[in-house]
Engineer: 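Please read through the structure below; I'll follow up with questions.
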Amino acid sequence: MKKYYIFDLDGTIADSMGYWYGSFTPEDLENDDRMAVVRRGMKEKYATVIAPKPGALAVLERLHKQGAEMCIASATDRWVSLPFTEKYDIDRYFRFYLDCTGAGAHKDKPDIYLQAAQRLGAKPSECVVVEDGAYCAQTAHNAGFFVVGIYDVNTAPRGDVSRYSDIFIRSMEEFPPDI
């Protein structure tokens, strides 16, 4: 069993991708003011309607009991998702939360994964990255991480995560007990 786990948040632990994709247009991505409004709206959704994906909390609890060292590496800024992680007491499972803003690069570059591994005290080859996004899984895989790809109905149309996964699962309920 691997000892180090780097979890994405949205689409893996949080059932939030449908809310994200429904809250902005591609043009909004180029508008800092519009994206600030989107982030504030998403913070409210994390506090009120976004729930954990089925099986996610059980997986985190199991890994925690097995002594795994875990962190979150998310594209979502920490201040945005904080209501969710507090509401479900998720922070207790993780050593830290690293977002792309803090890492200085989006997930099309390996920076966030490499920084997470370093902060965990591990080499990429010793870490399991859990991702739902195909391009994110590809980035982690190409950087030498073991990737568990998880299906998410909202991210699946944007790329096949299974192509870049060492193990592919359809839900967190299928998370293998021995990796």
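All of these numbers come straight from a predicted model, not from anything done at the bench.
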Engineer: Taking the side chain as C-beta and beyond, is there a heavy-atom pair between I50 and P83 under 4.5 Å?
Structural biologist: no

Engineer: Minimum heavy-atom separation for A73 and I6, please, with both atom names.
Structural biologist: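 So the minimum-distance heavy-atom pair works out to CB-CG2, 3.5 Å.
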
Engineer: Atom CD1 in I150, atom OG1 in T12: separation rounded to 0.5 Å?
Structural biologist: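 Going from CD1 on I150 over to OG1 on T12, the span is 6.5 Å.
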
Engineer: Please report the interatomic distance CG(D77) to SG(C100), rounded to the nearest 0.5 Å.
Structural biologist: 8.5 Å

Engineer: Any side-chain donor paired with an acceptor under 3.5 Å for Y151 and S162?
Structural biologist: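 No pair is found: no donor N or O on one side chain lies under 3.5 Å from an acceptor on the other.
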
Engineer: Could you tell me whether R62 atom CZ has more than 12 heavy atoms of other residues or ligands within 6.0 Å of it?
Structural biologist: yes

Engineer: Determine, using the 4.5 Å side-chain heavy-atom cutoff (strictly less than), whether I72 and Y88 are members of one ILVMFWY cluster.
Structural biologist: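 Linked, I72 and Y88 end up in one cluster.
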
Engineer: Given L82 and F84, is the side-chain contact (heavy atoms from CB on, under 4.5 Å) satisfied, shown in steps?
Structural biologist: CA-CA 5 Å; L82 186 61; F84 172 82; over 6 Å; no

Engineer: Hey, can you pull the donor-acceptor pairs under 3.5 Å for the side chains in residues 33-46, sequence neighbours left out?
Structural biologist:
residue, atom, partner, partner atom, Å
R34, NE, D28, OD2, 3.3
R34, NH2, S23, O, 3.0
Y46, OH, D10, OD1, 2.3
Y46, OH, D10, OD2, 3.4
Y46, OH, W20, NE1, 2.9

Engineer: Return all side-chain donor-acceptor pairs below 3.5 angstrom for residues 108-127, not counting sequence neighbours, or 'none' if the list is empty.
Structural biologist:
residue, atom, partner, partner atom, Å
Y113, OH, E131, OE2, 2.6
Q115, NE2, A103, O, 2.9
E126, OE1, K123, N, 2.7

Engineer: Hydrophobic clusters here meaning ILVMFWY residues chained together by side-chain heavy-atom distances under 4.5 Å, can you tell me if V161 and M172 are in one?
Structural biologist: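 As far as the 4.5 Å side-chain criterion goes, M172 and V161 are not connected within one cluster.
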
Engineer: Check the hydrophobic clustering (I, L, V, M, F, W, Y; side-chain heavy atoms under 4.5 Å; chains of links allowed) and say if I13 and Y97 are grouped together.
Structural biologist: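 In one cluster with I13: Y97, yes.
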
Engineer: When rounded to the nearest 0.5 angstrom, what distance separates NZ in K3 from CG in L63?
Structural biologist: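 So the NZ of K3 and the CG of L63 are separated by 13.0 Å.
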
Engineer: With rounding to the nearest 0.5 Å, note down the distance linking OG1 in T76 to CG in L9.
Structural biologist: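 That separation rounds to 6.0 Å.
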
Engineer: Where do R95 and M70 land on the side-chain contact (heavy atoms from CB on, under 4.5 Å) test, with the steps shown first?
Structural biologist: CA-CA 6 Å; R95 286 202 16 215; M70 299 184 285; over 6 Å; no

Engineer: Residues in salt bridge (Lys or Arg N to Asp or Glu O under 4.0 Å) with D8, at least two apart?
Structural biologist: K107

Engineer: A side-chain contact here means heavy atoms from C-beta on lying under 4.5 Å apart; do I167 and P176 qualify?
Structural biologist: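 Result yes, sub-4.5 Å side-chain heavy-atom pair found.
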
Engineer: Can you pull the ring-ring contact (aromatic ring centres under 6.0 Å, His included) pairs that have at least one residue in residues 120-140, sequence neighbours excluded?
Structural biologist: none

Engineer: Applying the 4.5 Å side-chain criterion to the ILVMFWY set and letting contacts propagate, would Y5 and F168 be lumped into a single cluster?
Structural biologist: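 Y5 does not cluster with F168.
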
Engineer: Please tell me whether T85 and R78 have a donor and an acceptor in their side chains that are separated by less than 3.5 angstrom.
Structural biologist: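 Checked: T85/R78 side chains pair up, N/O donor to acceptor below 3.5 Å.
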
Engineer: Is the backbone N or O of R170 less than 3.5 Å from a side-chain atom of E174, with the two atoms forming a donor-acceptor pair by type?
Structural biologist: yes

Engineer: Is a side-chain N or O of R163 found less than 3.5 angstrom from the main chain of G159, in a donor-acceptor match?
Structural biologist: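 Checked: no pair found.
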
Engineer: Using the test side-chain hydrogen bond (donor to acceptor under 3.5 Å, both in side chains), find all partners of D32 that sit at least two apart in sequence or belong to another chain.
Structural biologist: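 So D32 forms no side-chain hydrogen bond (donor to acceptor under 3.5 Å, both in side chains) with any residue.
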
Engineer: Between the side chains of T155 and D132, is a donor N or O closer than 3.5 angstrom to an acceptor N or O?
Structural biologist: yes

Engineer: So if you build clusters from Ile, Leu, Val, Met, Phe, Trp, Tyr with side-chain heavy-atom gaps below 4.5 Å, do Y21 and V153 land together?
Structural biologist: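 In one cluster: no.
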
Engineer: Decide yes or no on side-chain contact (heavy atoms from CB on, under 4.5 Å) for V129 and F7, but give the supporting numbers first.
Structural biologist: CA-CA 6 Å; V129 170; F7 280 88; over 6 Å; no

Engineer: Mind telling me whether H64 and Y93 have parallel, tilted or perpendicular rings, with 30° and 60° as the class edges?
Structural biologist: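 Y93 vs H64 ring planes: perpendicular.
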
Engineer: Salt-bridged, R92 to D89, with N to O below 4.0 Å?
Structural biologist: yes

Engineer: Identify each donor-acceptor pair in which a side-chain atom of residues 140-148 lies under 3.5 Å from a protein atom, sequence neighbours left out, and give them as a table.
Structural biologist:
residue, atom, partner, partner atom, Å
N142, ND2, Q138, O, 3.4

Engineer: Please report the closest heavy-atom contact between L60 and F94, naming both atoms and the distance.
Structural biologist: CD2-CZ, 3.6 Å

